[in-house]
Amino acid sequence: MLVESNYPLQTHNTFGIVAKALQLVHVRSEADVQAVVAHAQLRDLPKLVLGGGSNIVLTGDVKPLVLKVELKGMRLVEETDKAWMVEAAAGESWHELVQWTLAQGWPGLENMALIPGSVGASPVQNIGAYGVELQDRFESLDAIDLRTGHSFSLDAAQCAFGYRDSVFKHGPNQASGGSRSMGLAGQALISRVRFRLPKAWKPVLGYADLERKMAETGITQPSAQQIFDWVCAIRRAKLPDPAVIGNAGSFFKNPTVTPEQCADIIARDPKVVHYPLDDGSIKLAAGWLIDACGWKGKTVGNAAVYDKQALVLVNKGGRDHPCTGGEVMTLAKAIQTSVYERFGIRLEPEPVVV
Ligand code: EPU
């Protein structure tokens, strides 16, 4: 087991914020986690599991022991008449998994192309884009209990997936959405994730941006590779590449409101972007709400609201003059206040604030 002190994290969080991990362990095998659990000084420390660092805001040096997941490997575990079952280790890049499955001729993940981050982080917030969520392709995962070192597996029901939510986002004393089981945040390290990719593949094209691509190109029956290319093009046009401009993707979740609240907002702002959900509630586009409050391009220090998508906060100082986590959070709080004052809606941040 390799333990490092004062380990720089600037290149391990996609905002590019400067911070150190006071202590960090590289997790390259399950044995590394077991060694931590057996270690007299390390085992009782609070722990932070770090994947691709694409969904965190670092507001200072990290005091919990950082477990940096570097587990590798992707394989086909089973092929039946109905589906391919693919397994990837938690430290693999999500986008590389999407590319690899398509190259093998196993479609199903294409709508989630180019989402930054690692495979191990993907179930934590049930990533999703362009009409497909991780839970739609998820089979099961393996994780290691950080108190005992024992491995265990969870199926989809046990993960209690919700919109950008799972059992891994809730603390041990807090039940997670729709589940009576207690949360696993900080208690477990996801080591492998398995996906079921049905052979009866059907393209998912209901999302407005994809409908626009179909209309523009005249292609009405796109292949999975075509959808992958469209999704990459759409994302590149409106979302900043974290390798160029630091960011953590959407900074807030899209809020849901009652039909009455929505009608009230429409009466004042007829253009509000809203989508009815199956349960009768209505999802509002947080990006639209923030944009309507005039936030595009606004800054606090070197933290800024991205000028092409108001839901994304960016580090406009680059590597040399990066924003601080404090600037990001000050900007985020000012946005929350202004959206609340105008629309009466409390926006909930998506990234984990450390
Ligand atoms: N909009 C504006 N102004 C803005 C931003 C958006 O008017 O500044 C409007 C858009 O025109 C559109 C609507 O708001 O009508 C929704 O915007 P968009 O299609 O860009 O999607 P989103 O709801 O903002 C969500 C996910 C993204 C995902 C896209 C595509 C969340 C929090 N975000 O964004 O996920 O890529 O849909 O499926 O659910 C992420 O989670 O990090 C992420 C990037």
Side-chain angles (χ1 to χ4, degrees), residues 13-15 51-57 94-95 98 109-118 121-136 161-166 169 204-213 227-228 230-242 245-257 262 265-266 269-277 282-298 304-314 328 332 335-336 338-339 342-343 345-352:
N13 73 98
T14 57
F15 255 116
S54 60
N55 203 42
I56 55 169
V57 184
W94 170 263
H95 182 65
V98 176
L109 301 179
E110 57 282 350
N111 292 52
M112 293 183 281
L114 266 193
I115 296 182
S118 63
S122 64
V124 175
Q125 55 155 348
N126 184 24
I127 59 170
Y130 306 101
V132 180
E133 284 185 317
L134 176 108
Q135 65 176 341
D136 302 325
F161 291 123
Y163 166 59
R164 296 295 193 273
D165 195 34
S166 76
K169 281 197 118 179
V204 179
L205 297 165
Y207 206 88
D209 282 331
L210 288 173
E211 283 173 356
R212 216 167 290 132
K213 285 281 178 200
I227 295 173
F228 172 92
W230 282 345
V231 168
C232 290
I234 294 165
R235 290 187 74 98
R236 288 196 172 108
K238 72 165 131 185
L239 294 170
D241 176 354
I245 305 173
N247 73 91
S250 299
F251 200 88
F252 299 100
K253 294 184 190 183
N254 284 327
T256 49
V257 294
C262 188
I265 295 173
I266 291 171
D269 286 281
K271 290 199 183 128
V272 63
V273 178
H274 59 286
Y275 319 91
L277 299 180
I282 301 192
K283 188 164 91 170
L284 302 181
W288 187 92
L289 299 173
I290 300 168
D291 195 1
C293 292
W295 280 99
K296 264 186 190 160
K298 293 267 167 67
V305 180
Y306 191 51
D307 48 14
K308 292 188 205 140
Q309 220 303 8
L311 195 50
V312 179
L313 303 191
V314 298
V328 173
I335 292 170
Q336 283 171 308
S338 101
V339 168
R342 171 146 172 204
F343 297 105
I345 290 166
R346 293 193 192 281
L347 292 181
E348 200 186 321
E350 214 194 89
V352 177

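Numbers here are sequence positions counted from 1. We count ligands from 1, going down the list as the structure has it; atoms in each ligand are counted the same way.
Taking only non-hydrogen atoms, the option from Gly131, Ala208, Ala286, Ser250 nearest to atom 34 (O) of ligand 1 is Ser250. In this comparison of Ala310, Pro255, Ala129, the heavy atom closest to atom 28 (C) of ligand 1 sits on Ala129. Proximity annotation for atom 7 (O) of ligand 1: of Trp295, Trp288, Tyr130, Phe251, Trp288 comes nearest, heavy atoms only. Distances from atom 15 (O) of ligand 1 to the heavy atoms of Asn126, Val305, Leu210, Val273 put Val273 nearest. Here the shortest heavy-atom distance to atom 22 (P) of ligand 1, taken over Arg164, Gln309, Glu348, belongs to Gln309. Taking all heavy atoms of Ala285, Gly117, Ala292, Gly287 into account, the minimum distance to atom 14 (O) of ligand 1 is reached by Ala285.
Asn13 places no side-chain N or O within 3.5 Å of a backbone atom of Gly53 that could act as its donor or acceptor partner. Trp94 contributes a side-chain N or O that, together with a main-chain N or O of Met112, makes up a donor-acceptor pair within less than 3.5 Å.
Side chains of Ile56 and Pro351 form no contact here, defined as non-hydrogen atoms less than 4.5 Å apart.
The side chain of Tyr207, and not its backbone, has at least one atom closer than 4.0 Å to an atom of ligand 1 (non-hydrogen atoms only; side chain from C-beta on). Of the heavy atoms in Lys308, none comes closer than 4.0 Å to ligand 1.
By the 4.0 Å heavy-atom criterion, Tyr306 is excluded from the residues contacting ligand 1. The closest approach between a heavy atom of Tyr275 and any atom of ligand 1 is below 4.0 Å. Distances shorter than 4.0 angstrom do not occur between any heavy atom of Gln125 and any atom of ligand 1.
Residue contacts with ligand 1: Ala248 is placed with no nitrogen or oxygen under 3.5 Å of a nitrogen or oxygen of the ligand (distance criterion only). For the pair Lys253 and ligand 1, the shortest N or O to N or O distance does not fall below 3.5 Å.
Listed by chain and residue number, nothing satisfies the side chain to side chain donor-acceptor pair (under 3.5 Å) test with Ser54 (two or more places apart in sequence, or in another chain).
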Side-chain donor-acceptor pairs under 3.5 Å in residues 233-241, sequence neighbours left out?
unit_1 : atom_1 : unit_2 : atom_2 : d
Lys238 : NZ     : Asp209 : OD2    : 2.9
Asp241 : OD1    : Ala243 : N      : 2.9

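The presence of a protein heavy atom under 4.0 Å from atom 1 (N) of ligand 1 is confirmed. Under the 4.0 Å distance rule, the nearest protein heavy atom to atom 40 (C) of ligand 1 falls inside the cut-off.
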From CA spacing to verdict: side-chain contact (heavy atoms from CB on, under 4.5 Å), Ile227, Val204: CA-CA 9 Å; Ile227 295 173; Val204 179; over 6 Å; no

